[in-house]
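The block underneath contains the structure these notes are about, expressed in structure tokens.
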2 protein chains.
Amino acid sequence: MDTATRPGLRERKKQRTRDALLRRGLELFTTRGYERTTVDEIAEAVDVSQRTFFRYFAGKEDIVFFVQEMVESQYVTEIARRPAEEAPVEVMRQAVMSCWDRIGASIEQLVPVELHLRTYQLIWETPALLAIHLRRSIEWEEKIARILAAREGVDPETDPRPRVAVGLFGGVMRVTERTWSAGGDLTVAAMRDLTTRHLDAIAPALARGW
Amino acid sequence: MDTATRPGLRERKKQRTRDALLRRGLELFTTRGYERTTVDEIAEAVDVSQRTFFRYFAGKEDIVFFVQEMVESQYVTEIARRPAEEAPVEVMRQAVMSCWDRIGASIEQLVPVELHLRTYQLIWETPALLAIHLRRSIEWEEKIARILAAREGVDPETDPRPRVAVGLFGGVMRVTERTWSAGGDLTVAAMRDLTTRHLDAIAPALARGW
DNA sequence: TGTCGTTTGTCAGTAGCTGTCACTAGTCTG
DNA sequence: CAGACTAGTGACAGCTACTGACAAACGACA
């Protein structure tokens, strides 16, 4: 067996500890609730000290957003990959759809997809998490706006269109996410369906008479 | 002087304590920074115990969002007041503008307008506050969506247009707020100007070719 | 003036998070 | 392969936001 490419024992041990904290944390959060789960409980469940938990995750919340981070960064990558002839809003739409299609392949090795989908519900029903989630969203939006601006060759500091496009698209996606997580059908199919319906409602919503 | 309509000494004392905590808190936050100001410091500056602080404000953050709450509820009231012939998005636009016009009259007796404007900057440069601010925003959005739905006689649970309209409008307003608070000109006039420019950019941003 | 109810301060305690220090167990070097 | 180095860890102490319990202080009102 090749040991040269494989990380050392120390590294593997670290990886295992992180994964354990992540999975046990998410499991405890989604079953018991975020607020009702203490850091000490997660640490104890994985049999490490509280201090060690904080060496792997800067905060309790980081457990929740670790997988989210992966998915979101993939979304941004996908945006940068879209063909040049696509209109900005269409770029974002296609990227969202494409990400939901790949979701299984991209995270399954870390956590079960079903657990990840339940995380959205956890976020939207936990005020403290929702707040952080929304802040993270607009941080991504800033990055996306810059990418779209570069794509279209405009300056985001003087031309409001990139940020406005991303902001309004994000606003609609937030509504979609909220509706999806509140509804009973927490599946990728349901999310795709809702996304289509909401994005198609943009023009009608802007129209003069309803 | 009429003492019958005037609240008693106890009530006035309470009012004074609350106002003092609010103003001193905002002053300390905007000068020293939010994280670097402790609740104990605010309490001490007003010469009450820490426990008393928490009897007036449920949390440190509530100092920051007390005036915001007033302004935002006035915004929602304004929306409900708009003439029936105005299109939904136009309703929100007019309400925003109208609120910025009245901002002086509505809060000046509580805190100086200038201090309130600086609060937006504080919020947008303090991650913890920004997170809460965004969550509060989407909570208002839900209320506004219901008002607009009722106005137009549609069911928000089946027709996506009310929430989509509010969500995308909110998304654009967030971009506006962010840009404004990051820029050098923290005035009502600058905010009005930016709002107009961003809202006018919605249609161009959605267009196929930039 | 004295009683009653509200407001307040004090004290103790919890949860999230950080700094410090010493110990142990991988890892690297000669 | 032995000894030095270093990263990961646990134990402990401390800070800040926040809460509950109880008693003292104070305004309201007869």
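Within every chain, numbering begins at 1; the chains are lettered A, B, ... in the order of the sequence lines, protein sequences first and strands thereafter.
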**OP:** Output, in order, the C-alpha distance, side-chain angles, deciding distance and verdict of side-chain contact (heavy atoms from CB on, under 4.5 Å) for A/E78 and A/Q94.
**Re:** CA-CA 9 Å; A/E78 187 62 29; A/Q94 294 303 326; over 6 Å; no
Subject >> Step-by-step side-chain hydrogen bond (donor to acceptor under 3.5 Å, both in side chains) determination, B/R192 to B/T196 >> reply: CA-CA 6 Å; B/R192 288 183 54 95; B/T196 302; over 6 Å; no
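The separation between B/D40 atom CG and D/dA17 atom P is 7 Å, rounded to whole Å. In this structure, B/E44 atom CD and C/dT8 atom C1' are separated by 17 Å, rounded to whole Å. Distance, A/R51 CZ to C/dT20 P: 10 Å, rounded to whole Å. Remark: P of C/dA15 and OH of A/Y34 are 14 Å apart, rounded to the nearest angstrom. Here D/dC29 presents its P atom at 12 Å from CD of B/E11, a figure rounded to the nearest Å. In this structure, A/R55 places its CZ atom 18 Å from P of D/dT6, rounding to the nearest Å. In this structure, the CZ atom of B/R10 is 11 Å from the C1' atom of D/dA25, given to the nearest Å. In this structure, A/K13 atom NZ and C/dA25 atom P are separated by 8 Å, rounded to whole Å.
Residue A/T52 is classed as a sugar-phosphate contact, given heavy-atom separations below 4.0 Å to backbone atoms only.
Using a 4.0 Å cut-off between charged side-chain N and carboxylate O, A/E90 and A/R82 make no salt bridge.
Not a single donor-acceptor pair, N or O on each side, falls under 3.5 Å between the base of D/dG27 and the side chain of B/R12.
Between B/H133 and B/F65, the two ring planes are parallel [angle under 30°; tilted spans 30° to 60°].
Using a 4.0 Å cut-off, no side-chain N or O of A/Y56 falls inside it from OP1 or OP2 of D/dG8. Put simply, A/K14 has no side-chain N or O that comes within less than 4.0 Å of OP1 or OP2 on D/dA7.
Comparing B/L9 and B/E61 against DNA chain D, the residue whose closest nucleotide sits nearer the 5' end is B/E61.
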